[in-house]
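Nothing fancy with the numbering, it's 1 onward along the sequence. Keep in mind it's a predicted model, so treat the numbers as computed, not measured.
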Amino acid sequence: MIVNPGSSRLRARTVAIPDPGSLQRYLTPRNSMCLLHGKEGIVGLGEIARFETDSPGAADVWWEAFCADIENETEMPGVHGTGPLAFGSFTFDGDRSTSPSVMIVPETVIGRRAGYCWLTQMSYDSVHADPPQVQPPPRKPTGLEVSDGVITAEGWVERATQVREILGEDLQCVLLMRDLMAHTDTPVDPRWIVKLCADVLPGSWTYLVQGAVGTTSKLVVRQIDGLITTRTLTHGPGGTIDPVPQLLEALHGRGFYARQHQRAVRWSEETLRPFCRSIEGSPFPGLVTAASDRLLATDITGAPLPTTRSLAAVAAIHPAPFVSGLPPWKAVETIAEVEGVDRGRISGPIGWIDSEGDGEWVTDWRGAQIDATDPNLVHVFVGQPVARDDDVNLLAAELEERIASTLSLVR
């Protein structure tokens, strides 16, 4: 943790503001973070404190203790997401990654949700009243070249073939990553990627925390306004000449894809249940389309217990089946043995938590990490689930299509 050692009292002030327009216009090239969803979202600027850890659970303990010492002044009591908050970005596998998970408390927060717009500023002793300024637009990086990372196309096929042979009733599917290196002649401004993601997929969550940047439809936990929600996502049919019959069958709860989705839904319900007085989910999946993906989706919503905090629920749910496999604990062990690349904070939970423990956390099987020491280098990850009866060559073709659509977001 890094805090200002010259003062003992941290103060926060929250005020209602007129609609600030596009929130991403306030992002700065450095030391800014966001989670945006359509016209709503939260932007953080600057840094008042930081905590590096290996798990969401440890981060939640730190954050709760940190908030206990904040003097909080607000014009908007009871409006969830306002006031002091922290952004977090967690590793996929904290036991095996060399990258630390991180929590960052911004000096300034601008937010918009449910018709409310607000500004929160934090500092020691006295809170300054200077509002944040709209920033010049980001410039597109030049000279982009993409090369293989640790896992080549051939290497991914070898790993997928190896995994498929060990799948069965006790291990039903595994999500395997492929990684690439994007090199540019000029430093990559993360706001450029944020802008492309938000423009191309406005219905998804666009995130930026400590160089981890991307867009996703995969909600790990959203706890706000007295409800807690997790979204279960699994792959629908793809790569066939006509996937519509299989897709319609799955949406009616029948066939291979529906059975696979129902197993993941049951896992999510069992994991979320200890945090809730009651939970509810649809008996039939919906459909989410994102880039080249067709995803079966079921939102599971509960009434949280009074003691429930969003990061505690994240700690229980992560790694969810859609970034690991099913069952997740066994899939993570297989990934550690077979995949051969450190995912770092890609496919880990990323989002924010407020002083009451409410928050919004997402993840994805694809994303980008701007290198911490070389601003001209971006490490890109794209995943593909593997099940026992899958055709590995067909999966590889689907993965290449997903890679092409992902790279379009950094070009």
Side-chain angles (χ1 to χ4, degrees), residues 89 91-93 96-99 140-165 173-190 192-193 196-197 200 210-216 235 238-239 290-293 319 322-325 331-332 334-348 363-387 390-411:
S89 177
T91 56
F92 169 73
D93 188 346
R96 299 179 177 92
S97 178
T98 59
S99 300
K140 178 180 179 180
T142 61
L144 175 66
E145 294 184 1
V146 179
S147 60
D148 284 331
V150 175
I151 305 173
T152 64
E154 296 79 10
W156 189 90
V157 170
E158 293 173 2
R159 289 164 170 81
T161 302
Q162 181 181 351
V163 164
R164 191 183 60 175
E165 296 304 315
C173 66
V174 174
L175 189 286
L176 289 178
M177 286 288 191
R178 179 157 172 233
D179 67 315
L180 303 104
M181 298 294 187
H183 302 261
T184 59
D185 292 337
T186 55
V188 176
D189 187 333
W192 175 256
I193 304 177
L196 289 177
C197 289
V200 173
Q210 192 71 13
V213 59
T215 187
T216 180
H235 256 285
S292 60
D293 296 325
F322 47 76
V323 294
S324 59
V332 170
T334 304
I335 289 167
E337 294 171 2
V338 174
E339 197 170 63
V341 64
D342 184 352
R343 298 186 185 185
R345 290 182 287 113
I346 300 303
S347 71
T363 189
D364 205 355
W365 52 46
R366 66 177 184 173
Q369 176 68 53
I370 300 173
D371 192 87
T373 58
D374 182 358
N376 294 32
L377 174 63
V378 181
H379 202 176
V380 180
F381 287 81
V382 184
Q384 171 70 44
V386 180
D390 283 335
D391 181 328
V392 170
N393 291 324
L394 182 59
L395 293 182
E398 291 180 15
L399 179 58
E400 291 303 314
E401 182 181 355
R402 190 171 297 113
I403 288 171
S405 66
T406 299
L407 291 177
S408 69
L409 297 178
V410 297
R411 292 190 184 279

Self-check item: Nearest-0.5 Å distance, OG1 of residue T184 to NZ of residue K140
Solution: 12.0 Å
Quiz item: Any side-chain heavy atom of P190 sitting closer than 4.5 Å to one from Q210?
Solution: no
Quiz item: Minimum heavy-atom separation for L175 to P385, with atom names?
Solution: CD2-N, 3.3 Å
Exercise. Calculate, to the nearest 0.5 Å, the distance between atoms CD1 and CD1 belonging to I193 and I370 respectively.
Key: 4.5 Å
Quiz item: Under 3.5 Å, is there a donor-acceptor pair between the side chain of E339 and the main chain of M177?
Solution: yes
Quiz prompt | Test item: N376 side-chain N/O and H183 main-chain N/O as donor-acceptor pair under 3.5 Å | solution = no
Quiz item: Is it true that a side-chain atom of T216 and a backbone atom of T363 form a donor plus acceptor pair closer than 3.5 Å?
Solution: yes
Quiz item: What do you reckon, is CD of E145 surrounded by more than 12 foreign heavy atoms closer than 6.0 Å?
Solution: no
Quiz prompt | Partners meeting salt bridge (charged side-chain N to carboxylate O under 4.0 Å, His left out) with D342 (sequence neighbours left out) | solution = none
Quiz item: Does a donor on one side chain and an acceptor on the other come within less than 3.5 Å for R345 and Q369?
Solution: yes
Quiz prompt | Residues in side chain to side chain donor-acceptor pair (under 3.5 Å) contact with D189, at least two apart in sequence or another chain | solution = R191
Self-check item: Flag, side chain of T152 to backbone of G155, donor-acceptor distance under 3.5 Å
Solution: yes
Exercise. Using ring-ring contact (aromatic ring centres under 6.0 Å, His included) as the criterion, list what pairs up with W156, not counting sequence neighbours.
Key: none
Quiz prompt | Distance-minimising heavy-atom pair for G340 and V150 | solution = O-CG1, 3.4 Å
Quiz item: What residues form a salt bridge (charged side-chain N to carboxylate O under 4.0 Å, His left out) with E400, not counting sequence neighbours?
Solution: R178
Quiz prompt | Pair D390-V392, side chain to side chain contact (heavy atoms under 4.5 Å, CB included): steps then yes or no | solution = CA-CA 6 Å; D390 283 335; V392 170; 5.8 Å; no
Self-check item: Flag, side chain of R402 to backbone of G383, donor-acceptor distance under 3.5 Å
Solution: yes
Exercise. Could you grab the distance from atom CZ of R164 to atom CG of L395, nearest 0.5 Å is fine?
Key: 8.5 Å
Quiz prompt | Residues forming a side chain to side chain donor-acceptor pair (under 3.5 Å) with S99, sequence neighbours excluded | solution = none
Practice problem: Please name all residues satisfying side chain to side chain donor-acceptor pair (under 3.5 Å) with S324, sequence neighbours left out, ordered by chain then number. | Solution: none
Exercise. Examine distances only and state if a side-chain atom of D371 and a backbone atom of T373 form a donor-acceptor pair shorter than 3.5 Å.
Key: yes
Quiz item: To the nearest 0.5 Å, what is the distance between CG (L399) and CG (L176)?
Solution: 9.5 Å
Exercise. Return the set of residues passing salt bridge (charged side-chain N to carboxylate O under 4.0 Å, His left out) with D93 (not counting sequence neighbours), or none when no residue passes.
Key: R96
Exercise. Would you check if the side chain of T186 reaches a backbone N or O of T142 as a donor-acceptor pair within less than 3.5 Å?
Key: yes
Exercise. Report yes if the side chains of F92 and V332 come closer than 4.5 Å at any heavy-atom pair, otherwise no.
Key: yes
Quiz item: Is a side-chain N or O of D364 found less than 3.5 angstrom from the main chain of G367, in a donor-acceptor match?
Solution: no
Quiz item: Taking only residues two or more places apart in sequence, or in another chain, which ones meet H379 in a side-chain contact (heavy atoms from CB on, under 4.5 Å)?
Solution: D179, M181, F381
Quiz prompt | Any residue meeting side chain to side chain donor-acceptor pair (under 3.5 Å) with S347, in chain and number order, not counting sequence neighbours | solution = R343
Quiz item: Hey, what do you get for OG (S147) to CG (L377), rounding to the nearest 0.5 Å?
Solution: 8.5 Å
Self-check item: Partners passing side-chain contact (heavy atoms from CB on, under 4.5 Å) against V338 (at least two apart in sequence or in another chain)
Solution: R159, Q162, V163, T334
